[in-house]
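A quick write-up on the structure given underneath.
Just follow the structure's listing: the first ligand is 1, and inside any ligand the first atom is 1.
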Amino acid sequence: MKNEMEKDILKVLYSEEEIRARVQEMGNALGEQFQGKNPLFLGVLKGSFVFMSDLVRACPVKSDVEFIAVSSYGNGTESSGRVKIVHDIQQDITGRNVIVVEDILDSGNTLAFLKEYFLTKGASAITIVTLLDKPSRRKKAITADYAGFVVPDEFVVGYGLDYGQKYRNLPYIGVLKPEVYAE
Ligand code: PRP
């Protein structure tokens, strides 16, 4: 069956195969770092849900998973700078090695806020893992410990990333046609 989202995509930036290979590399690297350390993978919803599910399966250590849902973009393309917790973590993270999993690090507002928040909640160490890093847009002094791909300042969707809540289920990462978000 033809994918009805494809007509809105200008070009594929990272194919399913490229993503799979890179996620496996990241999983292996995290496995080396966290073997025997019982890390907590903490996914930032909604964008991270696809990456998170692949990453935890690519990382061969005993770990557990948790989620937090935040929002700072509303339906727009510019971060408001105000990070709102939509759904909070449901467990005590005191003393835990927390691996924060993001789909994209853009202005840095979200991760700067969350890093502080998880430290306040008692995490002993925070490791930031993002699939995509867009350093050209950074407003906060924050860097990822692991970044899958460094991306140019283009409107990317797929593999969890949305535009107006759509396209998250594209299996690859693509650039959206400008006419789609100009509508
Ligand atoms: C996106 C993305 C990150 C954040 C990154 O979330 O998933 O959480 O923006 O941008 P920043 O570095 O400029 O803060 P969004 O608020 O769009 O919500 P979503 O995850 O539900 O798509």
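- Surrounding CD of Gln91 are more than 12 heavy atoms belonging to other residues, nucleotides or ligands, all under 6.0 Å away.
- Close approach to Ser72 involves these atoms of ligand 1, each under 4.0 Å from a residue heavy atom: 16 (O).
- For a threshold of 3.5 Å applied to N or O pairs, the pair formed by Leu111 and ligand 1 contains no separation below that value.
- Within a 6.0 Å sphere centred on NZ of Lys177, other residues, nucleotides and ligands contribute more than 12 heavy atoms.
- At under 3.5 Å, not a single nitrogen or oxygen of Ile104, backbone or side chain, sits near a nitrogen or oxygen of ligand 1.
- Residue contact annotation: Val83 has no non-hydrogen atom under 4.0 Å from ligand 1.
- Between the side chains of Asp54 and Tyr159, at least one donor-acceptor pair of N or O atoms lies under 3.5 Å.
- Atoms of ligand 1 found under 4.0 Å from any heavy atom of Lys46, numbered from 1 in the order shown, are 19 (P), 20 (O), 21 (O).
- In the candidate list Ile68, Thr110, Thr130, Thr110 is nearest to atom 4 (C) of ligand 1, counting heavy atoms.
- Contact analysis puts Arg168 in contact with ligand 1, with a non-hydrogen atom separation below 4.0 angstrom.
- Side-chain contact check for Tyr146 and Glu25: no donor-acceptor pair (N or O, by modelled atom type) lies under 3.5 Å.
- Residue nearest to atom 7 (O) of ligand 1, selected from Asn109, Leu114, Asp103: Asp103 (by heavy-atom distance).
- Atoms of ligand 1 lying under 4.0 Å from at least one heavy atom of Ser107, given by number and element, are 11 (P), 12 (O), 13 (O), 14 (O).
- At a heavy-atom distance under 4.0 Å, only side-chain atoms of Glu102, from C-beta outward, approach ligand 1.
- Put simply, the residue from Leu131, Leu176, Leu170, Leu132 that forms a side-chain contact (heavy atoms from CB on, under 4.5 Å) with Leu161 is Leu132.
- There is no side-chain donor-acceptor pair under 3.5 Å between Lys62 and Gln35.
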Next on the checklist: For Lys115 and Ile128: C-alpha separation, side-chain torsions, deciding distance, then whether side-chain contact (heavy atoms from CB on, under 4.5 Å) applies.
Outcome noted: CA-CA 9 Å; Lys115 189 173 182 181; Ile128 291 176; 4.2 Å; yes

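- Residues satisfying the ring-ring contact (aromatic ring centres under 6.0 Å, His included) criterion with Phe149, sequence neighbours excluded, are Tyr14.
- Proximity of Leu161 to ligand 1, defined as any heavy-atom pair under 4.0 Å, is not found for any part of the residue.
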